[in-house]
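Every number for a ligand or one of its atoms is a count from 1 in the order of the listing.
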Amino acid sequence: MKDLISLHDLTSNEVKNLLSLGLKLKDELKKGIPHPILKGKTLGMIFTKSSTRTRVSFEVGMTQLGGYPLFLSSNDIQLGRGETIHDTAKVLERYLDGIMIRTYAHSDVIELAEEADIPVINALTDLLHPCQVLADLMTAYEHKGKLEGLKFAYIGDGNNMAHSIMYGCAKVGVNCAIATPDDYQCDAGVVENAKEDFKSSSAELLLTNDPEKAIAGADIVYTDTWVSMGMEAEKAERQRVFMPYQVNKALFEKAAEDAIFMHCLPAYRGFEVTEDVIDGPQSVIFDEAENRLHAQKAVMATLMG
Ligand code: CP
Ligand code: NVA
């Protein structure tokens, strides 16, 4: 395991090991036990999209591991002015011990990882958001005491979150149901890979356009913004098409009685989710946000330690 580009690339055991290490590092942090696993190491953090959680959790996580996080906005580095990914990779590997990147094209992250001799961590592309799903699975485990056999329902856009959730669920034996409008289904290539992953898993994958079918009896209910970064021009049309997929009280009540509500954030109340659900007693959104820190520390410690 050199990089973290997609959970599809990892074995079931590699995913489970990252989750247990995340839980261990969280426990140590709470007990005040230092873990300077990355003392003297530097992580370059390339951002071509906005971020609150990812930037702060990676910076704080690297600091807690004894290393140094270096924020590299694409507005400030030559990559943003047309320097190639190849040259950027070849230069950065001479200075850094790892690179975290958030960008648009998934192929750019794959290229960076192929060209750089140091670990590359995908911190969100248009296609995938693996770090988020590690934090989500960790959170589900903490609230449910297990993962295998649970039902995870994702309602909304067939986007980077939906894709990574499918991959993540397959690796840990969580049944996964995804409900999207017909014109906003998941990427066909990702679905094909996910179906392969589910074949060697104890869990099942359901893809539907019916949110009630997806949410029925679910232990985890998840949604994400209808307007991902880069899709702002489609905002009005998306808000119209997605309204029947809103996670509101009436829909949420069709999940298991003790279901938890999750959202990667940032959330847009009154659109993909209503206030009574996201701010209600079954919402665990801030536990998820916290677990970004612990799960990513596990990723960095594993890849760079
Ligand atoms: N969930 C998530 O990745 O949040 P940011 O965009 O704030 O990093
Ligand atoms: N799907 C969202 C996730 C944000 C964390 C986006 O790509 O903007």
Asker: Could you list the atoms of ligand 1 found under 4.0 angstrom from a heavy atom of T52?
Answerer: 5 (P), 7 (O), 8 (O)
Asker: For D197 and Y167, which I'm curious about, is there any donor-acceptor pair between the side chains at under 3.5 Å?
Answerer: no
Asker: Out of R102, M229, K49, whose heavy atom is nearest to atom 6 (O) of ligand 1?
Answerer: R102
Asker: Check the orientation of F242 and Y184. Use parallel for under 30°, tilted for 30 to 60°, and perpendicular for over 60°.
Answerer: tilted
Asker: Heavy atoms only, cut-off 4.0 Å: how does R55 contact ligand 1, side chain, backbone, both, or neither?
Answerer: neither
Asker: For atom 7 (O) of ligand 2, what's the nearest protein heavy-atom neighbour? Residue, atom name and distance, please.
Answerer: N160 ND2, 2.8 Å
Asker: If we only count N/O pairs under 3.5 Å, is R53 in contact with ligand 1?
Answerer: yes
Asker: In the protein, what heavy atom is nearest to atom 8 (O) of ligand 2, and what distance, to one decimal place, separates them?
Answerer: M229 N, 2.8 Å
Asker: With no hydrogens and no angle check, do the side chains of T208 and D210 hold a donor and an acceptor under 3.5 Å apart?
Answerer: no
Asker: Which atom pair, heavy atoms only, marks the closest approach of A255 to V221?
Answerer: CB-CG2, 3.7 Å
Asker: Pairing donors with acceptors under 3.5 angstrom, does anything connect the side chains of D287 and H143?
Answerer: yes
Asker: Return the orientation label for the F271 and W226 ring planes: parallel under 30°, perpendicular over 60°, tilted otherwise.
Answerer: perpendicular
Asker: Check whether any N or O atom of L124, backbone or side chain, sits under 3.5 Å from an N or O atom of ligand 1, and answer yes or no.
Answerer: no
Asker: Looking at ligand 2, does any of its N/O atoms fall within less than 3.5 Å of an N/O of H129?
Answerer: no
Asker: Pull out every atom of ligand 2 sitting under 4.0 Å from any heavy atom of L265, numbered as shown with elements.
Answerer: 5 (C)
Asker: For atom 2 (C) of ligand 1, find the nearest protein heavy atom and state the residue, atom name and distance (0.1 Å precision).
Answerer: R292 NH1, 3.3 Å
Asker: Determine the minimum heavy-atom distance between F58 and A123, stating which atoms define it.
Answerer: CE1-CB, 4.3 Å
Asker: Distance to 0.1 Å, residue and atom name: give those for the protein heavy atom nearest to atom 3 (C) of ligand 2.
Answerer: D224 OD2, 3.7 Å
Asker: Output the list of atoms in ligand 2 that are nearer than 4.0 Å to some heavy atom of N159, sorted by atom number.
Answerer: 1 (N)
Asker: Taking only non-hydrogen atoms of D126, do any sit less than 4.0 angstrom from ligand 2?
Answerer: no
Asker: Looking only at the side chains, is there a donor atom on one of Q296 and S57 sitting less than 3.5 Å from an acceptor on the other?
Answerer: yes
Asker: How close does the nearest protein non-hydrogen atom get to atom 4 (C) of ligand 2, and which residue and atom is it?
Answerer: L124 CD1, 3.9 Å
Asker: Classify the side-chain pair N160/Q132 by whether it contains a donor and acceptor separated by less than 3.5 Å.
Answerer: no
Asker: What atoms in ligand 1 come closer than 4.0 Å to a heavy atom of H129?
Answerer: 2 (C), 3 (O)
Asker: When you measure from the side chain of S74 to the backbone N and O of G80, does any donor-acceptor pair fall under 3.5 Å?
Answerer: no
